Amino acid sequence: MAQTSSLLLLVAFMLVVDVSFAGGEGSLSKAECPKACDYRCSNTQYRNACLDFCNLCCEKCLCVPSGTYGHKEECPCYNNWKTKKGGPKCP
C-alpha cells in the first residue's frame, strides 16, 4: 500500500512539473522565459545553443512547450518559426 501511494505521488509530481511549464501561446511573461527554457533544454548536449534559441523563441511567442522534447503543437508560434532553410528555429 505504501509503495502504491509513493508511486502515485511521484507520478503526480512529474505531471505537475510538466504542466507548470505548459500553456498556450502568450501564457508566459518574458520574465518567465529563462526558467521555462532552462527546463526545456535540461536534457540536451547542446545546452547553450538550445537556451539561446529557446529564449529568443519564448520572448517572441511567450510560450515554451512542455517537457524537454516535442509537444510543439502546444505553441503554434514556437512550432511554426523556421530558419531560412526551412528547418525549425525553436528547440
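Nothing here was measured: the structure is a model prediction, and the numbers come from that model. Residues take their numbers from the sequence shown, with the count starting at 1.
Listed here is the closest heavy atom pair of Ser29 and Glu32: N-OE1, 2.7 Å. Residues Cys61 and Tyr78 approach most closely at SG-N, 3.3 Å, considering heavy atoms.
With a 4.5 Å cut-off on side-chain heavy atoms, Tyr69 and Asn43 do not count as touching. Residues Pro34 and Asn55 meet the side-chain proximity criterion, which asks for heavy atoms closer than 4.5 Å.
Less than 2.5 Å separates the SG atom of Cys41 from that of Cys50. Per the SG-SG cut-off, Cys37 and Cys58 are not bridged by a disulfide [distance not under 2.5 Å]. With 2.5 angstrom as the limit on SG-SG distance, Cys33 and Cys54 do not come in below it. A disulfide bridge connects Cys90 to Cys57: their SG atoms sit within less than 2.5 Å of one another.
With Glu74 contributing its side chain and Ser66 its backbone, the two residues share a donor-acceptor pair below 3.5 Å.
Among residues at least two apart or in separate chains, salt bridge (charged side-chain N to carboxylate O under 4.0 Å, His left out) pairs with a member in residues 38-57 are Asp38-Arg47.
In this structure, Lys82 has no side-chain contact (heavy atoms from CB on, under 4.5 Å) partners at least two apart in sequence or on a different chain. When the side-chain contact (heavy atoms from CB on, under 4.5 Å) test is applied to Asn79, the partners found at least two apart in sequence or on another chain are Lys72.
Separating the CG atom in Leu56 from the CG atom in Leu51 is a distance of 12.5 Å, to the nearest 0.5 Å.
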